[in-house]
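A short write-up of the structure that comes next.
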Amino acid sequence: MNKRLSVLMAVTIVLWAVIYFWPEPTPETDGQSGTTVWFASGQFAGATRVAVASSDFSYELVKVETGWVVLLEDVDEPFLADLAKVEALLTYLETSKPERRLGEKGEQDLAQYGLDNPQAVFTIEADQTWTISLGGENPSGSGLYGMSTIDRGQCLLFDTRIAEIAAREARYYYDLLVSNVAPEQVGRVRISWDNGGQGWEAARTDDDGYAFTWPEELVEHEASSAEMDLFIHELVTMEAVSFLARDTLSEHPDAVPFATAAIWVSDSDEPESEIEVYTNGSEETPYYARSTRHAQFFTLPADAAEKLIRPAFHLRERGVVDLDLSVVARQRLMQGQDGNELVVAKTDLGWQDERSGEDVAGMDMLLWRITDLKFEAEPASALPAEAEQMLSWELFSLEDESVVGLAFFLDPGLPEDQCWIQVQGEDKFYPVSDQLLEDLQGQLLPPEADTIEESDAPAFPSDEVEAGDAVDSTPDGGVEHDTVQEP
């Protein structure tokens, strides 16, 4: 019995092996086989040209002194090529060793494999000129027939992935970056508006921050390093959507100048990169642009182009409170000047209501948000008569000394999502987002305190507002505030 079972198992194994290793039927093989010959590692490292041709398109990737370019038959000016994408193509072709070698085929056999008129041909100029031709799919659809001069005369079976590579048109390899300057190289940037707005210029400082250098009225204001870093990063990593003809302006006389960006490297006298943006009133492609990096015009996404007219105000340091949160040990929140009061003290576990002894959640987050407050328009030296004080919030140290005091005011003259805030000891009132005020009302005061009565008392006893004081600026958005009137 055991002997018969062993014989049966042996026969099964032999049959399985025969089925598995049996070559595919014609036209995939005529019985010939052998080890596939393919390119050695690094053989395309010195490549200087890659031509891609199909029945639908053709183009060339050519190495030049500054990198790679894309050449099209009917276009005079070359397009800059994305170096990473070109290198990825060369690496793929060099390593895309066929899955099977199906034997030598004569001219009369090529039609069976779709190789009499290949659907795509790669030509690579490296140590010598090589070609890879692609034909049709095999019957199972799992591979693609092809031939290569590295294994001349042999019909090869490639993974179908190579067909996806061959289907990429020239635009896939375009380098879409508008500027040729890296964020860390930027030493100075100037934005000029052609729509009547106020442009600005800022330069990198020795401490790796930024300072406004133009116009004169901006020089006195501190630039926000975080905001400037973000703006510069977005500027120099901006990408075109598509390329246009070089004579785009003559073809579109309705295009008018919109904004210009000039970018200097370190202390260079001349800009390393310039970007000119035009608008044409079109909803589909409203912005055309050109830059010193590209010979062609290109289209820009609307959100990218409109960032160029971001007011310098939004790039200023606009923090309201400079606070070391680690010194805060006690907080007092009061409705108006003499309404409901909440006093909390810091413990090892968090914050605790001094009166009830209950834990109060969310206090650390609210404290952190004080340091994140930014004024949304120029500060005013006095409040409008219609402003009402809603809350006061005072923070104390472990020694019970006042660290900072804040007073919040609502004003119907401000945008709906803003309120005024005054820092104790200062004679300025800052328009800020009212989200912190709303969260303080909702989280720190009991439900019955949500509706707060107007208080006629000053925000802080030592900082009384005199009637008749003038508001010396107009907040962003054109909202004007009158002089405080005598009652």
Side-chain angles (χ1 to χ4, degrees), residues 38-39 41-64 66-99 113-126 129-138 141-151 155-178 180 237-246 285 293-301:
W38 203 242
F39 302 103
S41 176
Q43 194 161 349
F44 290 171
T48 57
R49 174 178 169 271
V50 182
V52 183
S54 77
S55 56
D56 298 322
F57 56 79
S58 65
Y59 57 89
E60 295 181 16
L61 303 171
V62 179
K63 191 171 187 179
V64 295
T66 55
W68 286 79
V69 295
V70 184
L71 297 181
L72 300 178
E73 268 186 40
D74 54 349
V75 179
D76 294 334
E77 294 286 348
F79 296 86
L80 292 181
D82 186 317
L83 175 62
K85 289 183 177 181
V86 175
E87 289 181 343
L89 170 64
L90 288 168
T91 299
Y92 178 82
L93 295 177
E94 184 183 86
T95 58
S96 59
K97 186 175 181 179
E99 294 185 344
Y113 304 92
L115 291 168
D116 57 330
N117 185 23
Q119 62 168 296
V121 178
F122 294 102
T123 303
I124 305 102
E125 291 184 5
T129 300
W130 305 99
T131 62
I132 301 172
S133 303
L134 304 177
E137 287 188 345
N138 65 344
S142 62
L144 198 71
Y145 296 121
M147 301 186 84
S148 174
T149 51
I150 189 77
D151 198 2
C155 183
L156 308 169
L157 188 67
F158 291 93
D159 184 278
T160 54
R161 167 70 173 156
I162 198 170
E164 298 175 24
I165 305 298
R168 290 172 175 167
E169 297 185 33
R171 63 175 175 267
Y172 172 82
Y173 294 98
Y174 291 166
D175 187 339
L176 300 176
L177 275 177
V178 170
N180 58 339
T237 59
M238 192 182 336
E239 293 189 348
V241 176
S242 59
F243 286 96
L244 307 168
R246 191 170 190 175
T285 55
R293 187 161 196 255
H294 295 283
Q296 302 82 7
F297 268 81
F298 46 86
T299 59
L300 282 176

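Just so it is clear, the structure is predicted and the values come from calculations on it, not from any experiment. Because only heavy atoms are used, hydrogens play no part in the values below, and waters and symmetry mates are left out as well, while side chains stay in.
In this structure, the side chains of Val50 and Phe44 stay at 4.5 Å or more apart for every pair of heavy atoms. Within the 4.5 Å cutoff, side-chain heavy atoms of Tyr145 are placed close to those of Asn138. Using a 4.5 Å cut-off on side-chain heavy atoms (C-beta onward), Asp175 and Lys85 make no contact.
Note on ring orientation: taking the six-membered ring where Trp is involved, the planes of Phe158 and Trp38 are perpendicular (angle over 60°, cut-offs 30° and 60°). Taking the six-membered ring for Trp and thresholds of 30 and 60 degrees, Tyr59 and Phe57 have nearly parallel ring planes, at less than 30 degrees apart.
Nearest heavy atom pair, residue Pro78 against residue Leu71, reads CB-CD2, 3.4 Å. Nearest heavy atoms, Glu239 versus Leu177: CG-CD2, 4.1 Å. Closest of all the heavy-atom pairs between Ala170 and Leu72 is CB-CD2, 3.6 Å. Nearest heavy-atom pair across Leu134 and Ala166 is CD1-CB, 3.9 Å. Residue Phe243 comes nearest to Leu176 through the heavy atom pair CE1-CD2, 3.7 Å, listed as atom of the first residue, atom of the second, then distance. Across every non-hydrogen atom of Cys155 and Leu115, the tightest pair is SG-CD1, 4.2 Å.
Across Thr91, Val69, Leu61, a single residue satisfies side-chain contact (heavy atoms from CB on, under 4.5 Å) together with Val86, and that is Leu61.
One finds the OG atom of Ser133 at 10.5 Å from the CG atom of Asn117 (value rounded to the nearest 0.5 Å). Here Lys97 contributes atom NZ and Ile150 contributes atom CD1; the two are 11.5 Å apart, rounded to the nearest 0.5 Å. One finds the NZ atom of Lys63 at 8.0 Å from the OG1 atom of Thr48 (value rounded to the nearest 0.5 Å). How far OH of Tyr113 is from CG of Leu156: 11.5 Å, rounded to the nearest 0.5 Å. Of the inter-residue distances, the one linking Arg168 atom CZ with Leu89 atom CG reads 8.0 Å to the nearest 0.5 angstrom. Atom CH2 of residue Trp130 and atom CZ of residue Phe39 lie 6.0 Å apart, to the nearest 0.5 angstrom.
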In sequence, state the C-alpha distance, the side-chain angles, and the governing distance for Val70 and Arg171, and then conclude on side-chain contact (heavy atoms from CB on, under 4.5 Å). CA-CA 9 Å; Val70 184; Arg171 63 175 175 267; over 6 Å; no

Passes side-chain contact (heavy atoms from CB on, under 4.5 Å), Val52 versus Tyr173? Steps please. CA-CA 12 Å; Val52 183; Tyr173 294 98; 5.6 Å; no

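Judged purely by atom type and a 3.5 angstrom limit, Thr299 uses its side chain to pair as donor or acceptor with the backbone of Ser242. No donor-acceptor distance shorter than 3.5 angstrom exists from the side chain of Thr131 to the backbone of Ser148, with no hydrogens or angles considered. A donor-acceptor pair under 3.5 Å is absent between the side-chain atoms of Glu137 and the main chain of Gly143, judged by distance alone. For the pair Glu94 (side chain) and Gln43 (backbone), a donor-acceptor distance under 3.5 Å is present.
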